[in-house]
Protein chains: 2
Amino acid sequence: MKSNKITIHDISSALNIDSSTVSRALNDSPRVSKKTKEKIAKKAAELGYQRNSLASNLRTNRTNTIGVIVPRISRNFFSTVIAGIEETAYEAGFNVVICQSLESIDREKKLIETLLANRVDGILISISMETTSYEHLQSYYDHGSPIVFYDRPCHFHNCTAVSIDDYKASFDATEHLIQSGRKNIFHFSGPQEIELYQNRKRGYKDALKKHNIEVNEDYCHESGLSEKEGIKAAKKIMNLKNIDAIFSANDTAAIGAMKYLKTQGIRIPEDIAVVGFNNDPISEVIEPSLTTVNQPDFKMGKIAATILLGQIKNKKADTKDQSIVLNSELIIRNSSIN
Amino acid sequence: MKSNKITIHDISSALNIDSSTVSRALNDSPRVSKKTKEKIAKKAAELGYQRNSLASNLRTNRTNTIGVIVPRISRNFFSTVIAGIEETAYEAGFNVVICQSLESIDREKKLIETLLANRVDGILISISMETTSYEHLQSYYDHGSPIVFYDRPCHFHNCTAVSIDDYKASFDATEHLIQSGRKNIFHFSGPQEIELYQNRKRGYKDALKKHNIEVNEDYCHESGLSEKEGIKAAKKIMNLKNIDAIFSANDTAAIGAMKYLKTQGIRIPEDIAVVGFNNDPISEVIEPSLTTVNQPDFKMGKIAATILLGQIKNKKADTKDQSIVLNSELIIRNSSIN
DNA sequence: AACAAAAATACAATCGATTGTATTTTCAGA
DNA sequence: TCTGAAAATACAATCGATTGTATTTTTGTT
């Protein structure tokens with residue numbers, strides 16, 4: 001029961017070998033003879049020695065840890081990105097600390113502070129929907145550690161961002177609805193302070209324009225894109241009477257709307273076609289199955305982590321400012337087919 | 001760009017005040033006068049001071065951090081448990097480090113080592129499906145820090161476990177199928193080395209016995225309960241011809257089976273009724289909607305975290321050995337109604 | 001056997017914050 | 001104004017590991 005805190009000094013005195021040699025031995029330094037290394041390893045195991053990373057990290061000023069800030073781990077898209085990040089980090093011998101902002105800027109601020117205080121070597125962040133200023137990132141940045149944005153890009157100094165071409169994906173999704181004969185297309189959009197949602201909205205509008213469809217500002221519902229907000233928006237649509245399609249900036253809200261519309265006897269896609277965004281597992285299961293945009297989530301995580309690790313290794317700034325745009329694809333399912 | 005590493009010594013020398021006083025001031029100790037505290041706070045802000053938790057934690061031998069090991073964050077059940085844990089920890093001023101074992105014992109071992117090396121104050125763990133021995137937990141335990149199990153209970157010393165009554169929940173679920181006239185009930189079960197899956201299987205068997213239905217060992221498919229395994233088990237069922245119901249130890253496998261059975265023209269629930277476990281969001285959306293067991297996930301997280309934090313505060317062992325059993329409920333939906 | 005070079009090990013400072021003890025300052029009351 | 005207790009601050013050791021430098025030991029060569 002007594003807390004066993006064996007340090008290198010315990011090994012040192014047990015064997016009458018200096019602690020510096022013990023440290024080097026445990027780190028497999030070439031400066032220690034094989035024989036001594038073996039003796040030390042044996043004694044360490046015998047005493048149940050466990051390295052104290054706090055001390056080591058304090059001394060070396062490196063933690064071999066990257067922090068990941070994610071709006072919400074329960075979203076399939078994000079948990080898959082994390083899987084990609086972890087795989088890459090794991091291979092490189094780095095630890096990953098996952099933190100949820102829950103779309104709150106206050107929490108995001110606290111998380112950055114904590115990560116900074118714990119001296120992570122780098123941060124991967126998808127900013128919260130409330131994040132419109134970047135002061136809280138500044139103090140971290142000033143510390144000299146790299147930041148890479150993923151999914152939701154962000155103009156912060158010249159930091160790298162890994163994302164898809166949201167404009168194009170939305171343009172294509174909207175055009176798909178138009179080409180299947182829809183004219184009155186409603187858009188569920190997210191906070192316009194976030195570049196990502198601006199881009200998705202622009203894509204939607206430009207597709208309409210290209211096909212000479214008037215852009216009607218009433219045909220847009222801006223929200224946090226939760227399931228509830230999807231239902232709310234669907235109610236709005238019911239009042240408008242003439243809507244024949246929905247393009248939602250995420251699946252969650254699209255699914256909320258579908259559930260509600262079905263209870264109201266609206267036929268999907270006959271009366272209203274629906275297209276979502278993210279390819280959430282539910283989108284495949286819901287009936288009718290939901291047409292949506294598939295993003296390379298796992299790959300996005302891998303690439304973002306690779307870039308961050310690169311920047312951690314080369315402290316130079318020259319790996320920065322390379323915004324990476326990955327390909328996405330529209331998965332056409334039954335919710336948009338006539 | 002230069003990395004700003006301001007320490008209390010920089011503040012100390014800038015103001016000609018001893019670093020011990022600076023430290024006390026920043027921690028709001030009563031031993032420092034208000035005037036000095038203000039002066040120090042101002043200078044700290046001016047210099048952009050950021051505490052170094054590594055140093056602080058090393059000295060105090062506390063990290064104010066708890067580690068959470070979870071099989072997979074993408075499962076809705078687990079991410080909701082985490083939400084509960086985080087809420088509780090957050091209120092208590094504790095940080096949470098989330099780690100995924102991905103159901104691998106090797107990863108779980110590494111995670112425990114890392115958490116130990118980083119001196120977390122306590123661990124919340126839901127063991128992986130591969131975990132049948134607890135040696136890796138022992139070294140952590142020997143260190144004197146508390147461990148609390150959640151969801152998947154575990155006989156390890158007399159550590160607390162927070163879970164539901166899996167036996168009873170499965171018994172009830174199976175009985176529900178029997179009462180709606182099913183006789184040939186197939187069971188998707190998980191690794192029998194894990195207590196949780198043993199209990200679910202026992203509940204299933206005992207319900208059959210109670211109703212004088214013969215237990216047929218062929219009516220059981222043991223696996224990792226992935227969607228793929230669900231499909232595999234469904235194929236097995238197709239060969240058996242006479243199965244009229246499935247009780248799956250989780251929703252994921254049940255959903256896989258449903259998808260497959262539908263493609264084979266099997267009607268659910270008319271030909272085969274299905275009951276799952278976990279109340280995954282998909283279970284509500286899939287058609288027919290899936291009857292399943294709802295667990296108090298968020299609450300489970302809150303309670304597990306509360307107990308762990310209590311054990312961290314009272315280093316005594318007397319809060320241990322209180323296994324907490326929470327209530328679950330069977331949510332009856334269309335997949336099991338005649 | 002002698003000696004230089006190489007290998008192995010020891011010494012000691014350090015990372016940044018905390019904390020028990022010692023010293024100085026302040027201030028009330030006589 | 002002086003005294004003593006209380007308040008404020010300074011001193012110095014410490015947490016556990018790392019690392020540059022110094023010292024000792026080993027090895028190979030002539």
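The shortest distance between the side-chain N/O atoms of T21(A) and the OP1/OP2 oxygens of dA10(C) is below 4.0 Å. The phosphate of dG16(D) has neither OP1 nor OP2 within less than 4.0 Å of any side-chain N or O from S56(A). OP1 or OP2 of dT18(C) has at least one side-chain nitrogen or oxygen of R51(B) nearer than 4.0 Å. Phosphate contact (OP1/OP2 of dA10(D), side-chain N/O of S19(B), threshold under 4.0 Å): absent.
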>> Test salt bridge (Lys or Arg N to Asp or Glu O under 4.0 Å) on E130(B) and K109(B); report intermediate values, then the result.
In response: CA-CA 11 Å; E130(B) 288 177 12; K109(B) 277 181 188 164; over 6 Å; no

> Between E113(A) and K110(A), does a salt bridge (Lys or Arg N to Asp or Glu O under 4.0 Å) hold up when you go through it step by step?
Replying inline: CA-CA 5 Å; E113(A) 262 174 41; K110(A) 286 228 175 74; over 6 Å; no

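One can find a donor-acceptor pair under 3.5 Å joining the base of dG20(D) and the side-chain atoms of R24(A). Judged by atom type and distance alone, R31(B) reaches the base of dT21(C) through a side-chain donor-acceptor pair under 3.5 Å.
As judged by a 4.0 angstrom heavy-atom cut-off over every strand, V32(A) is placed among residues touching the sugar-phosphate backbone only. Residue contacts for D10(B): at a heavy-atom cut-off of 4.0 Å it reaches no nucleic acid atom on any strand shown. I17(A) comes within 4.0 angstrom of sugar-phosphate atoms only, judged by non-hydrogen atoms across all strands, and of no base. Nucleic acid contact for N27(A): sugar-phosphate only, since backbone atoms but no base atoms lie under 4.0 Å from a heavy atom of the residue. Residue contacts for T7(A): at a heavy-atom cut-off of 4.0 Å it reaches the sugar-phosphate backbone alone, with no base atom in range.
In this entry the distance linking CD1 of I8(B) with P of dC15(C) reads 12 Å, nearest Å. Taking atom CZ of residue R62(B) and atom P of nucleotide dC15(D), one finds them 18 Å apart after rounding to whole Å. The distance from atom CD1 of I11(A) to atom C1' of dA17(D) is 11 Å, rounded to the nearest whole Å. Counting to the nearest Å, the P atom of dA17(D) and the CD1 atom of I40(A) are 13 Å from each other. When rounded to the nearest whole Å, the span between CD of E38(B) and P of dA8(D) equals 13 Å. Between the NZ atom of K35(B) and the P atom of dT9(D) there is a distance of 9 Å, rounded to whole Å. One interatomic measurement links the two molecules: CG of L54(A) to P of dT14(C), which rounds to 22 Å at whole-angstrom precision. K5(B) has its NZ atom 7 Å from the P atom of dG16(C), to the nearest Å.
Residue K37(A) places its NZ atom among more than 12 non-hydrogen atoms of other residues, nucleotides or ligands, all under 6.0 Å distant.
Below 30°, between 30° and 60°, or above 60°: for Y141(B) and H157(B) the angle between ring planes is below 30°, a parallel geometry.
A cation-pi arrangement, defined by a distance under 6.0 Å to the six-membered ring centre and an angle within 45 degrees of its axis, is absent between R72(B) and F77(B).
Residue whose closest nucleotide on DNA chain D sits further toward the 5' end, between A55(B) and T36(B): T36(B).
Between R152(B) and E103(B), at least one side-chain nitrogen of the basic residue sits less than 4.0 Å from a carboxylate oxygen of the acidic one, meeting the salt-bridge criterion.
The nucleotide whose nearest atom lies closest to any side-chain atom of T60(A) is, among dG16(C), dT9(D), dT19(D), dT19(D). The side chain of N52(A) approaches dG16(D) more closely than any other nucleotide in the set dA10(D), dA17(C), dG16(D). Residue D18(B) has its side chain nearest to dC11(D) when only dG16(C), dT18(C), dC11(D) are considered. Each of dT19(D), dA8(D), dT19(C) was ranked by its minimum atom distance to the side chain of S33(B); first place goes to dA8(D).
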